[in-house]
Every structure is written in C-alpha cells, then in structure tokens.
Amino acid sequence: MLIGYLIVVILAALALTRVPSAVRGRNVLISLSAAAIVIAFGLITPNVYRNLDRLSPVPNIVDLVAKLILFTGLLLAGTQVARAWDAPDTQRRISGRVGTVVFLAVFVVEVVIFAVVHDAGRAVDLANNLSSPLVRVYSTLATAYPAYIAGLLLPHVRKGLSSTQRSTGATSIFLFVGFILAIARFALGLVTLFAPDTYYVGQVVSGVAAIFVALGLATAFFARVGRQRRAQQQFN
Amino acid sequence: MSVAATAFKHWLSTVDLPTGAFPLARAIGLNRTTVQAQLLRGRVREPVVVAAARAVGVEPVTALSTFDEYAELGRQMKPPLPIEVLSQITLADATIELLSRRNPTYAEAIAPVRVWEDPPQPDGLRAWLDAVDPGHIRRELAERIGIAPPNLSAQITANKMRPRHLVEAARIANTSLTSGLAVGGVITLAEAGWPEGARDHALTHLSPVALNDLVQARLASAQRGARRLAADSAEAHRIEETLG
C-alpha cells in the first residue's frame, strides 16, 4: 500500500517539472502523457479508489477508467519516444492505423471482460477475486498493452545506450530498464494466470517500470534545460 | 575474466602487500570501495592486479602470469609485429612525420612538445585487430568468448574490451599475448615487451607511400569518429527537443 503512494508521489514530482514548459506550449503531448500516468496510478491508490468507487454507480468502473487513462498516457509517451528516436515505422505501430487497432482491441476486450466480472467485490484490478480465471485474464491483458509499446521501442532505445552523448545514454538506460520491466510485468501477468499469488509482485514491477520511464523522460527534460542554460550563458 | 580473490590474496602475501581492502587500496593507490567490492565479490579485476604489481615493483605480466587465468601470458610474450607497432601510431604522430619529411624545420619546431602517448588511443583497438587479423578474427573471437558478433563490434567501437578477450584475440592472431593488453591500456607498451622507441623506429622507416597510406587510414578513422559524434549529437538534440 505504501509503495503505491510512493510511486504516485515520485511520478507526480517528475510530472510537475513539466508544468512550466507545458504552460508555454512546449512538448504538451509528453506533459499530457506524464499527467495521464500520474492520474492513472493515483486513481488506483487504495483510499482514492475506495472513495471514488463508492460514488460511482458501476462497481470498479474507476479501475477501467484508470486503465483507459494509463493506455492513453502510454500511447502519447510511446509516440513521442518513437519520434525522438526517429522511428516512423514504430510510430505508426503505436499511433498509426495498426497502433489504433491494437489500442482499441485491447481496451474493448478489457471492457467486455469487465462487463462480465466487474461486480465481484470492489478492488483495484478486481484483485479481490483473483480466484476467477476471467479476472486474471482481465488483469494480465491490461499489462499486454504497455508490453506491446515497450517491445516496439526497446530496440531503438537500446541503440541509444552506446551513444557518445551522456544525456542520450542516461535517457536510454532509464527507458531501457523501464521497458524491460514493462515486458517482465506482462510475463508475470502470464504467470498470474496459473499462480495468482504472483499478482502483487507484478503490481510493484508495474510501478517501478513507470518510475524508470518517468526518470528517462525527466533526464531528457533536464538535459534540454541544461543545454539551453549553457547556450544562454555563452550568448551573454 | 578477472582473477580469483583467494588467489589474489595469496599472491599479495608473497609480495608483502596487505590483504585487507583498505590498507591494500591505500598501498596501491586505488579507490577503497572498488577494491573492497571486488574482494567481497570473490573476483579481482586485472587493473587492480596490475596496480598492485606496479606498487611493489613487480612486472605486471609476471604478476598476472601467476594466476591460472593468465598462466600462459608470460611464456607467450614476444616482441610486437611491425604491423602491430604501426597500428598504435596516432593521426598526430603520422601527420608530424609526414610534415617533418616535407620540411625538417617542422620536426625541429615540434620536437620539444612531442609526446608518444601510451594506449588506449582513439579507435586503437579496431586498428590493432585489423592489423593482426588473419582473416576471421572477429568471428572466431566472438565464438570463443561466447558473445554475439554485434556485441563484439559495439565493444570495439567503444574501444573497450575485457582483458581476457584481448588476450584471446592475440592468441587467435598468433601474436604476443601481451599486445592486446597493451593496446587496451591494461598495461603499458613497455610492460608488454615492446622495445623502447618501437613506434618512432617503425614510422621513420616507412616508405613515403606507406606513410601516406597510414595518414589516410588514420584520417578516415578520425572522420568516422567525427561523423559518429555529429550523428550522436544530432540525435541527443532531437531526443531532448522531443521528450524534454
């Protein structure tokens, strides 16, 4: 429980650094994706989830909304990372026709499963009822989309690890670890299908993966700010 | 591959060096944390062995040869091949020689500040591997050390290879086993058995055509590096602008 709050605080702190730039209209998509990921993780913290879900007419709808927001955040972040690495094919697979189909397919299947199992007790990811195979599929499928995005971006980010530029190397290593963890989370999700007890380990992995991705994006942000300051000093 | 910490501690006792991490680090002038971490892990990296050997005036090759992993090192130390010597001549050294041959006053002017730098030199590993390659060194080395060829290429490009791999490359090339360690900067050229002034001698005895070829090759290498730096810089700029 404490880890959940800690993850949200770290993600929120990293996202807040973006606000001044976003207000000036700079890299709004990345700022939106950071905000979306913070909101998604914030919604599934126990107290927020409990209070919001109590107000909603459909049990556990907050979980579905959190997943939609998370997927949207990942779609935006994934698109921008693909653009940053100059990978138009990957960008198309994330936000082009193929990407949109994957996004919608995963989410529609989630909605369908949710419609069947949503009233099995109020809990994030319907985790109160992990004994139900369909609930386990619902939970695992939600990890497939982040793994899809991570799998597409991983080869590009890996190339950045050997860059001679320190900022590219640092950004790449954080994103690389984050993406590896996102894929590992999906693998753990598959394990959860047969061993429900691994679910809680998987949730921690999800949070840590999000932190690493956020750190990668923050590194690029601070590198840009640092470069601009150096340029200004030279100019003055 | 590094050497076993237990064997290293035994060797330390034979050369009157302390076996404790902190006094050892102080005696050999290395970071305490580095030495302690390696002793705790049970494997000691070659630069630590070399630093310890230098601290007590033992030849690094002799010290490394006392460990099973490098038992053959001292026995198979030979003078370098002329082509190896040329591979460790930098663009600056080759250019100075070229200019000096055009006009001896250049040589006189630059003599007081000229320094023959020890490896590792920019792209020095690639130059050495290309020089000693019997035709299949990269493929065979990747197979022997059990890494994928692209990973080996990445290490060569980064100018960083593990000491054990450098020894293995020398073994494949049938040259002195110490040459790779020298080229990789683990030991100095002198410690590897290269004669004093070997590079100067090789350079001054080059024919004009061979010297031009050498300058051209080094210039091409420098251009590759400059292009890579420019491409990486542009990529960093794009990443920062898009994600920052």
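All values reported here derive from a predicted model rather than from experimental measurement. Residue numbers start from 1 in every chain, and the chains themselves are labelled A, B, ... in the order their sequence lines are given, proteins ahead of strands.
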_Please check if the number of heavy atoms outside B/Tyr106 that lie under 6.0 Å from its OH is greater than 12._
no
*Using modelled atom types only, decide if a donor and an acceptor are shared between the side chain of A/Asn27 and the backbone of B/Gly244 within a distance under 3.5 Å.*
yes
*Using a cut-off of under 4.5 Å for heavy-atom pairs, which of A/Ser172, A/Ser33, A/Ser162, A/Ala218 has the most such pairs with chain B?*
A/Ser162
_CZ/B/Arg114: more than 12 non-hydrogen atoms of other groups inside 6.0 Å_ = yes
_Residue of the set B/Arg238, B/His237, B/Glu235 for which side chain to side chain contact (heavy atoms under 4.5 Å, CB included) holds with A/Thr168_ = B/Glu235
*Side-chain ion pair, A/Arg83 and B/Glu241, N-O less than 4.0 Å*: no
*B/Glu240-A/Ser167 side chain donor-acceptor pair, cut-off 3.5 Å*: yes
*Under 6.0 Å from the CD1 atom of B/Ile147, do we count more than 12 heavy atoms belonging to anything else shown?*
yes
*If you count the non-hydrogen atoms of other residues, nucleotides and ligands that lie under 6.0 Å from CZ in A/Arg158, is the total more than 12?*
no
*asked:* Taking CG in B/Asn31 as the centre, count heavy atoms belonging to other residues, nucleotides or ligands within less than 6.0 Å. Is the count above 12?
replied: yes
*Measuring heavy-atom distances to chain A, does B/Ala236 have an atom under 4.5 Å in its side chain, in its backbone, in both, or in neither?*
both
*asked:* With a 4.5 angstrom heavy-atom cut-off, is it the side chain or the backbone of A/Arg166 that approaches chain B, or both, or neither?
replied: neither
*Given a strict heavy-atom distance threshold of 4.5 Å, which part of A/Val225 is in contact with chain B: side chain, backbone, both, or neither?*
neither
*Does a sphere of radius 6.0 Å around CZ in A/Arg224 hold more than 12 heavy atoms from other residues, nucleotides or ligands, not counting ones at 6.0 Å or beyond?*
yes
*Has A/Ile61 got more than 12 heavy atoms of other residues, nucleotides or ligands less than 6.0 Å from its CD1?*
yes
*Quick one: of A/Ile30, A/Leu217, A/Thr164, who has the most non-hydrogen atom pairs under 4.5 Å with chain B?*
A/Thr164
*May I ask you to check whether over 12 heavy atoms, not counting those of B/Gln216, lie within 6.0 Å of atom CD?*
no
_I'd like to know which of B/Ala158, B/Ala154, B/Ser233 tops the heavy-atom pair count under 4.5 Å against chain A._
B/Ser233
*Atom pair CD1 (B/Ile239) and CD (A/Gln165), whose distance is rounded to the nearest 0.5 Å*: 9.5 Å
*Toward chain B, the part of A/Ser163 with a non-hydrogen atom under 4.5 Å*: both
*Which heavy atom in A/Ala84 sits nearest to a heavy atom in B/Leu243, and how many Å separate them?*
CB-CG, 3.8 Å
